[in-house]
Amino acid sequence: MMPAMRILISGGTVVTASDIYQGDVLVEDERITTIGTDLKVPADRTIDARGKYVLPGGIDCHTHLDMPFGGTTSADDFESGTIAAAFGGTTSIVDFAIQYKGQTLQHAWETWMQKAEGRAAIDYGFHMIITDLKNQVEAEMDTLVREGVTSFKLFMAYPGVFMSDDATIFRALLRTGKNGGTICMHAENGGVIDVLVQRALAEGKTAPKYHALTRPARAEAEATHRAIAMAEMADVPIYIVHLSAAEALEMVTEARDRGLPAFAETCPQYLFLSYDNYEEPGFEGAKYVMSPPLRPRETQEQLWRGLAFNDLQAISTDHCPFCMKEQKELGKKDFSKIPNGAPGIETRMSLVYDGGVKSGRISLNRFVELTSTSPAKIFGLFPKKGTIAPGSDADIVIFDPTKTWKISKKTTHMKVDYNPYEGREVTGVTETVLSRGRVIVDGGKFTGKAGSGNFLRRACRMI
Ligand SMILES: [Zn+2]
């Protein structure tokens, strides 16, 4: 037996969703084994964390690496995307496998496992996107839950491509009541949006801003309400992905006030960007074409309030980067052909720390909860991930809360030719990152290895 590799993180401020204290954290091989004060143990390496926060590694439960969309593929694959994630203090992702029409879920899962294997530098799990719920596929949902793919995403938007009708959604919800899985919902009324898009194009409105103007907040609110109502009738929890509109948040708040297990995430782009970005000159607005779209600036404060008061439970990125050149350009003459998505996997932790904790909108504990602990609980990764505790995986971020960082295409590692936050200065920087006990980011350098991330066989929801 090889003796365990020991790393001692000393003198830092350990922050979890519930605690803040000065302490030393001992890591042996892949796990945290001891937490104490003034630990006097021999270690292969001691990391001085004085003046820094010692945080559980970030969990981004909404990413799209190597994903085909609109005739092209998202610019980050599992290697570049997970390395960028690590730089930003994220040590686990839950990405989306896609079942296309006629395929089995097994086939879709294997396809995405192949994309990640040998490439991912941090641990990864999958949600399964269902687009074709035949009876046989419905039965397959149970198998996937047993194999650790315990959540399924359905779409109320993109008719003819991803959209499911209400009967299909209701069947999927009922099934999760039996198998313990969770339904994640893209809640926008796709039928209404399609009509608005066709009308805009017929009127010659082709600029990027029409992407937003044809996806009204009410279309998101209506679908959010309908999704929650169907989950209520099926007597199961539901998780709304990338909630962007204040009107949709109202639906979630109302449901939670009635005691329903309705959950929702938002994303940094909805907290820091707004409709105004679509008004940037020329074709620049294409950088922000994503669904749902950016909303009026006032929405940002409403979302922050939702995060502070637990009407929103998680912040994920929906990282789905497309380059301006050759990718976003596909929609130069027609906004509906602009691939939907933007980069963000690397900037989430710093943005949320700066805009949330430093600005006094959320507590430091809440920051950890929203970026790590709560996604871990909702998606069956807790307490292996999402906290700093003896027995948990040593996924640890040493975070400097005083250092500043100018976000730019030049200072980030995502494989895309722009950054939506170009030039924004944030306080709070990821300095050192451990993934299952291995130091993978060390003083601004990547020291990990592509392919060393493990597939995360997730348990069922703990909510
Ligand atoms: Zn998405």
Side-chain angles (χ1 to χ4, degrees), residues 13-21 53 55-56 58-62 88-90 184 187 217 220-221 224-225 228 237-274 292 294-318 344 347-379 382 386-388 397 399 401 421 424 426-428 462-463:
T13 302
V14 179
V15 185
T16 67
S18 55
D19 299 303
I20 304 179
Y21 56 88
Y53 291 145
L55 311 172
I59 299 174
D60 190 344
C61 55
H62 192 150
T90 288
C184 303
E220 185 186 346
T224 301
H225 174 78
I228 294 171
I238 190 159
Y239 183 87
I240 308 293
V241 297
H242 50 44
L243 187 143
S244 73
E247 291 86 339
L249 176 58
E250 251 173 51
M251 301 300 163
V252 176
T253 305
E254 186 258 349
R256 292 180 64 82
D257 287 350
R258 286 201 292 122
L260 294 177
F263 302 90
E265 65 182 17
T266 190
C267 313
Q269 51 270 35
Y270 304 120
L271 299 168
F272 296 98
L273 303 171
S274 73
L294 300 175
R295 302 298 185 184
R297 184 163 286 277
E298 312 83 80
T299 307
Q300 296 172 357
E301 284 311 318
Q302 287 159 306
L303 294 177
W304 279 114
R305 228 168 17 244
L307 291 165
F309 291 106
N310 203 32
D311 288 316
L312 297 168
Q313 291 74 39
I315 303 175
S316 66
T317 63
D318 198 9
T347 45
R348 179 182 67 134
M349 301 288 274
S350 285
L351 280 169
V352 176
Y353 179 80
D354 184 71
V357 183
K358 191 165 165 278
S359 307
R361 292 183 176 108
I362 55 171
S363 71
L364 186 55
N365 298 118
R366 185 65 179 153
F367 164 68
V368 169
E369 190 163 35
L370 289 165
T371 55
S372 180
T373 315
S374 166
K377 288 179 179 171
I378 292 170
F379 292 111
F382 190 82
T387 194
I388 298 204
V397 169
F399 191 83
Y421 308 98
R424 181 187 286 263
V426 288
T427 302
M462 292 156 203
I463 49 172

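By convention here, the first residue in the shown sequence is residue 1.
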Does any part of the side chain of [Y], heavy atoms only, come nearer than 4.5 Å to the side chain of [X], both counted from C-beta?
{"X": "Leu312", "Y": "Leu303", "answer": "yes"}
{"X": "Ile20", "Y": "Val14", "answer": "no"}
{"X": "Arg424", "Y": "Val426", "answer": "yes"}
{"X": "Glu220", "Y": "Leu243", "answer": "yes"}
{"X": "Tyr53", "Y": "Leu364", "answer": "yes"}

Let me confirm one number: the [atom1]-[atom2] distance from [X] to [Y], rounded to the nearest 0.5 Å.
{"X": "Ile388", "Y": "Asp19", "atom1": "CD1", "atom2": "CG", "value": "11.0 Å"}
{"X": "Ile238", "Y": "Phe263", "atom1": "CD1", "atom2": "CZ", "value": "11.0 Å"}
{"X": "His242", "Y": "Asp318", "atom1": "NE2", "atom2": "CG", "value": "5.0 Å"}
{"X": "Leu273", "Y": "Thr299", "atom1": "CG", "atom2": "OG1", "value": "12.5 Å"}
{"X": "Arg305", "Y": "Thr253", "atom1": "CZ", "atom2": "OG1", "value": "10.0 Å"}
{"X": "Leu249", "Y": "Thr224", "atom1": "CG", "atom2": "OG1", "value": "9.5 Å"}

* Please list, chain by chain and in numerical order, all residues satisfying side-chain contact (heavy atoms from CB on, under 4.5 Å) with Glu301, sequence neighbours excluded. =>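 Glu301: side-chain contact (heavy atoms from CB on, under 4.5 Å) contacts with Trp304, Arg361.
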
* Contacts of Ala255 that satisfy side-chain contact (heavy atoms from CB on, under 4.5 Å) - sequence neighbours left out ->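 side-chain contact (heavy atoms from CB on, under 4.5 Å) check on Ala255 returns Ile228, Leu260, Ala262.
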
* Asked: Counting heavy atoms not belonging to Tyr21, are there more than 12 under 6.0 Å from its OH?
  ->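 More than 12 heavy atoms, drawn from other residues, nucleotides or ligands, come within 6.0 Å of this atom.
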
Return yes if a side-chain donor-acceptor contact under 3.5 Å exists between [X] and [Y], otherwise no.
{"X": "Gln300", "Y": "Ser274", "value": "no"}
{"X": "Thr90", "Y": "Arg348", "value": "yes"}
{"X": "Glu265", "Y": "Tyr239", "value": "yes"}
{"X": "Asp60", "Y": "Ser316", "value": "no"}

Closest heavy-atom contact between [X] and [Y]?
{"X": "Leu294", "Y": "Gln269", "result": "CD2-O, 3.4 Å"}
{"X": "Ala217", "Y": "Arg295", "result": "N-NH1, 3.3 Å"}
{"X": "Met251", "Y": "Ala221", "result": "CG-O, 3.6 Å"}
{"X": "Ala376", "Y": "Ile59", "result": "CB-CD1, 3.6 Å"}
{"X": "Ile240", "Y": "Ala187", "result": "CG2-CB, 4.3 Å"}
{"X": "Arg366", "Y": "Gln313", "result": "NH2-CA, 4.3 Å"}

* Asked: Can any side-chain N or O of Thr371 pair as donor or acceptor with the backbone N or O of Gly58 at less than 3.5 Å?
  ->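 Checked: no pair found.
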
* Quick one: does Asn365's side chain have a donor or acceptor within less than 3.5 Å of a partner on Thr16's backbone? ->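 Such a contact is found between Asn365 side chain and Thr16 backbone.
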
Could you list the donor-acceptor pairs under 3.5 angstrom formed between side-chain atoms of residues 349-358 and any protein atom two or more places apart in sequence or on another chain?
from: Ser350; atom 1: OG; to: Gly428; atom 2: O; distance (Å): 2.6
from: Asp354; atom 1: OD1; to: Thr427; atom 2: N; distance (Å): 2.9

* To do: Pick out which of Pro268, Cys267, Ser374 makes a side-chain contact (heavy atoms from CB on, under 4.5 Å) with Ile315.
  =>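 It is Pro268; the other options fail the test.
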
* Over 60° means perpendicular and under 30° means parallel, so classify the ring planes of Phe272 and Tyr421, tilted if in between. =>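 Perpendicular: the ring planes of Tyr421 and Phe272 meet at over 60°.
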
